[in-house]
Amino acid sequence: MSANIIDGKAFAAKLCIRVGEHVANLKAKHNITPGLAVIIIGHDPASQVYVRNKAKQTLEVGMNSFKYELDEDVSEADLLKLIDELNVRDDVHGILVQMPVPKHINATNIINALNPAKDVDMFHPLNAGKLMTGQVGPVSCTPLGCLMMLRDVHSSLEGKNAVVIGRSNLVGKPMAQLLLQQNCTVTMAHSRTIDLPPVVRLADIVIAAVGRAKMVKADWIKRGATVIDVGINRIDAPEKGEGKTRLVGDVDFDAVKEIAAYITPVPGGVGPMTIACLLANTVTTTCLINGLTPPKDLTA
Ligand code: GUN
């Protein structure tokens with residue numbers, strides 16, 4: 001039997017409605033309009049699309065959107081100066097620096113310069129530490145989106161075997177922490193894992209976040225597992241015409257959907273949830289900055 005497809009787009013749309021309601025409430029009751037600043041450096045086409053979508057949806061939920069498009073050769077000092085300004089601005093409650101940054105800029109210096117209270121990506125070491133110790137704060141957008149979808153299809157994740165493939169600071173590490181908080185037994189697999197397929201075959205829950213097109217095959221998957229595909233890979237699509245491309249995930253979707261019980265598609269799975277969770281996180285930081293209790297229905 002074919003897997004149930006988890007509709008990330010529909011899930012994200014519902015989350016954005018809740019975000020919009022909280023934004024309206026903050027405006028009406030507290031005269032506060034959440035503001036999200038997004039910084040993009042250079043002209044990477046994929047990053048440009050992400051940032052455009054983020055800015056558009058920020059406005060759609062009623063927040064203020066501040067977009068900074070910096071030249072590819074901007075100096076680290078100038079970028080740090082902009083971050084310093086945004087860190088103290090009263091109308092900015094979230095700051096996102098689109099990654100990756102150009103090679104001449106040290107990403108660690110940038111992340112460490114963010115005001116942790118406005119760090120909606122949860123990149124700052126203080127926020128990573130809060131997640132690790134279970135303290136209240138924003139949770140990285142992509143892992144939060146994955147967890148929300150998992151919680152929707154499983155009444156409890158307790159005791160389940162979860163395998164996270166990929167150990168990035170952006171996805172793999174925070175995802176593992178969130179699954180641990182749900183009392184999963186978590187394995188982190190990565191590029192140096194020896195003989196990955198038998199490791200993945202033990203999983204009730206697979207999170208694929210490696211950035212390699214269709215790497216996870218059907219015979220790696222335990223029948224009835226839930227598969228969350230974080231990958232966004234652009235591959236050639238000659239069937240669409242010469243020079244055409246299409247997006248695929250890290251999972252061989254067509255084959256794996258015949259084995260799994262639940263699976264997220266690419267596109268239309270994790271991607272829309274990442275943006276919705278970014279907006280949710282901006283409501284959370286706005287509340288915390290203003291001494292208000294963040295809404296509970298914006299977290300997993
Ligand atoms: N680049 C790809 N995904 C992300 C994300 O979630 N946040 C930031 N800041 N950059 C990214």
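Remember, predicted model here, so these are calculated numbers, not experimental data. The first residue in the sequence is number 1, and the count goes up from there. In each ligand, atom 1 is the first atom listed, and ligand 1 is the first ligand listed.
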N-O pairing of R89 and E85 below 4.0 Å =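 No.
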
Work out whether the distance between some heavy atom of L170 and some atom of ligand 1 is less than 4.0 Å.
->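 Heavy atoms of L170 do come under 4.0 Å of ligand 1.
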
Contact between F123 and ligand 1, counting heavy atoms under 4.0 Å?
->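 A heavy atom of F123 does come that close to ligand 1.
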
Side chain proximity check, M99 to I111, heavy atoms < 4.5 angstrom =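 Of all side-chain heavy-atom pairs linking I111 with M99, at least one is under 4.5 Å.
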
Around atom 1 (N) of ligand 1, find the nearest protein heavy atom and jot down its residue, atom name and distance.
->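 I find the closest protein heavy atom is M99 O, 2.9 Å.
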
For atom 8 (C) of ligand 1, what's the nearest protein heavy atom and its distance?
->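 Nearest protein contact, heavy atoms only, for atom 8 (C) of ligand 1 is D121 OD2, 3.5 Å.
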
Test side-chain contact (heavy atoms from CB on, under 4.5 Å) applied to V210 and V164, I165, V251, V230, the passing residue |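 Running side-chain contact (heavy atoms from CB on, under 4.5 Å) over V164, I165, V251, V230 with V210 returns exactly one hit, I165.
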
Would you indicate whether K27, at its atom NZ, is surrounded by more than 12 heavy atoms from other residues, nucleotides or ligands within a distance under 6.0 Å?
->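 Atom NZ in K27 is packed in, count exceeds 12.
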
Minimum-distance pair of heavy atoms, taken over all atoms of D121 and C141 =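 For D121 and C141, the tightest heavy-atom pair comes out as OD1-SG, 4.1 Å.
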
Going by distance only, is there an N or O of L96 that falls short of 3.5 Å from an N or O of ligand 1?
->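 No; the residue has no nitrogen or oxygen that sits under 3.5 Å from a nitrogen or oxygen of the ligand.
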
Give yes if a backbone or side-chain nitrogen or oxygen of T274 is under 3.5 Å from a nitrogen or oxygen of ligand 1, and no if not.
->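 Between T274 and ligand 1 (N or O atoms, distance only) the closest approach is not under 3.5 Å.
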
